[in-house]
> 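My structure is below; once you've seen it, I'll send some questions.
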Amino acid sequence: MPKGLQEMKFRSEFEPYLLTIQHDSKKPLNKWSPQSGGDGGRNWLRRPNYYNIAVILAPYSPYFVLDIDGERGYKNLQGLQIVYGKLPRTFVVKSPSGWHYYFQYHQGIKRSIGWLAPSIDIICHGYTLLPGSVIDGKKYEVLEDVPISIAPDWLIKLASNTSKQIDTPAKNKAVAQYDGEDYEFTIWRARKYVEKMAPAIQGQGGHTQLLRVCNILVHKFRLDDADCRDILMDYNARCEPPFTSHRELFRKISEARKYHG
């Protein structure tokens with residue numbers, strides 16, 4: 001294996017499926033389609049740490065990735081393991097937003113976004129960045145440098161039975177047995193709902209619009225105060241101008257609980 005790959009601790013089996021990516025980007029350096037295969041990382045090896053580098057995934061290579069996004073994804077992964085069993089040790093990469101667990105591909109596994117649980121994705125039919133890549137100053141780094149494992153039966157079964165609506169999470173009944181997972185799904189839906197609501201604008205019924213948002217969170221989704229506040233903070237960033245007093249912002253939650261309408 002070339003020295004550059006050894007330094008980045010790539011698995012040697014990745015070499016035939018490497019793809020050079022533009023600097024500080026996720027776009028291939030050259031015109032690319034999955035059927036064309038990789039370029040072996042040749043351009044990256046000539047100028048290491050200048051370009052990014054990726055590995056092509058199934059079905060055009062023997063690998064797929066379980067993508068865990070942030071603390072919520074990690075928490076939901078623990079819920080899956082409580083219900084179905086622990087994941088085997090495998091090659092793991094720390095991404096800027098979470099963790100990539102690499103597994104050997106099994107026929108029938110499908111790409112899915114959030115179907116297993118919110119903030120957990122199955123990545124295949126494309127590629128993913130590898131250690132040595134940098135996006136907005138944040139690095140991809142090797143977290144667990146061990147051989148790539150065969151996926152456990154339960155993960156293969158779930159990943160092969162995804163909804164056709166791959167961009168919308170489904171409520172996984174088994175995971176709902178894990179304390180909090182059903183509620184976590186509700187939080188996800190509430191956040192997506194509020195993202196589509198108009199911002200509160202001063203002089204144009206801003207306080208009424210804010211109360212409307214709080215009514216949605218409190219009565220439609222039945223969230224507790226802490227999660228309402230969390231979503232309102234994101235909503236507040238879109239308001240014109242944003243509410244500078246968080247006490248005033250959060251008081252609308254109490255008003256919504258008293259007056260439904």
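Computation of the quantities below employed the complete heavy-atom set of this structure, encompassing side-chain atoms and omitting hydrogens, waters and symmetry-equivalent molecules.
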> Above 12 or not: heavy atoms from other molecules or residues under 6.0 Å from CZ of Arg89?
no
> Could you walk me through whether His100 and Thr128 satisfy the side-chain contact (heavy atoms from CB on, under 4.5 Å) test, starting with their C-alpha distance in whole Å, then the side-chain angles of each, then the deciding distance to 0.1 Å, before giving a yes or no?
CA-CA 9 Å; His100 289 174; Thr128 190; 3.2 Å; yes
> Is the shortest side-chain heavy-atom distance between Leu130 and Phe14 below 4.5 Å?
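In contact.
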> Hey, is the main chain of Ala151 close enough, under 3.5 Å, to the side chain of Ser149 for a donor-acceptor pair?
no
> Taking C-beta and beyond as the side chain, do Val218 and Leu223 meet within less than 4.5 Å on heavy atoms?
no
> Which residues pass the salt bridge (charged side-chain N to carboxylate O under 4.0 Å, His left out) test with Asp234, sequence neighbours left out?
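Salt bridge (charged side-chain N to carboxylate O under 4.0 Å, His left out) check on Asp234 returns Arg191.
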> Determine whether Val142 and Phe91 make a side-chain contact, defined as any pair of heavy atoms from C-beta on separated by less than 4.5 Å.
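Touching, per the 4.5 Å side-chain cut-off.
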> Less than 4.0 angstrom from a charged side-chain N to a carboxylate O is my criterion; do Glu255 and Lys252 meet it?
yes
> Under a 4.5 Å cut-off applied to non-hydrogen side-chain atoms, are Leu57 and Phe64 in contact?
no
> Nearest 0.5 Å, please: how far is OG in Ser112 from CG in Asp121?
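Output value for this atom pair is 6.5 Å.
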> Do Phe103 and Pro152 have side chains that approach each other closer than 4.5 Å (heavy atoms only, starting at C-beta)?
yes
> Are there over 12 heavy-atom neighbours, none belonging to Glu195, within less than 6.0 Å of that residue's CD?
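Count over threshold, so yes.
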> Take atom CD1 of Ile150 as the centre, draw a 6.0 Å sphere, and report whether it contains more than 12 heavy atoms from other residues, nucleotides or ligands.
no
> Parallel, tilted or perpendicular for Tyr74 and Trp99, by the 30°/60° rule?
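Tilted, since the angle between the ring planes falls between 30° and 60°.
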> Relative to the ring of Tyr17, is the ring of Tyr63 parallel (under 30°), tilted (30 to 60°) or perpendicular (over 60°)?
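Perpendicular, since the angle between the ring planes exceeds 60°.
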> How about Asn52 and Lys26: do any of their side-chain heavy atoms sit closer than 4.5 Å?
no
> Decide yes or no for Pro59 and His125: does some side-chain heavy atom of the first lie under 4.5 Å from some side-chain heavy atom of the second?
yes
> Are side-chain heavy atoms of Leu66 and Ile122 found at a separation under 4.5 Å?
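Yes; the side chains approach each other to less than 4.5 Å.
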> Applying side-chain contact (heavy atoms from CB on, under 4.5 Å), run through Gln209 and Met197 and close with a yes or a no.
CA-CA 9 Å; Gln209 176 61 11; Met197 296 186 72; 4.1 Å; yes
> Please check this pair: side chain of Tyr235 against backbone of Ala198, looking for a donor-acceptor N/O pair closer than 3.5 Å.
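Confirmed, Tyr235 side chain pairs with Ala198 backbone.
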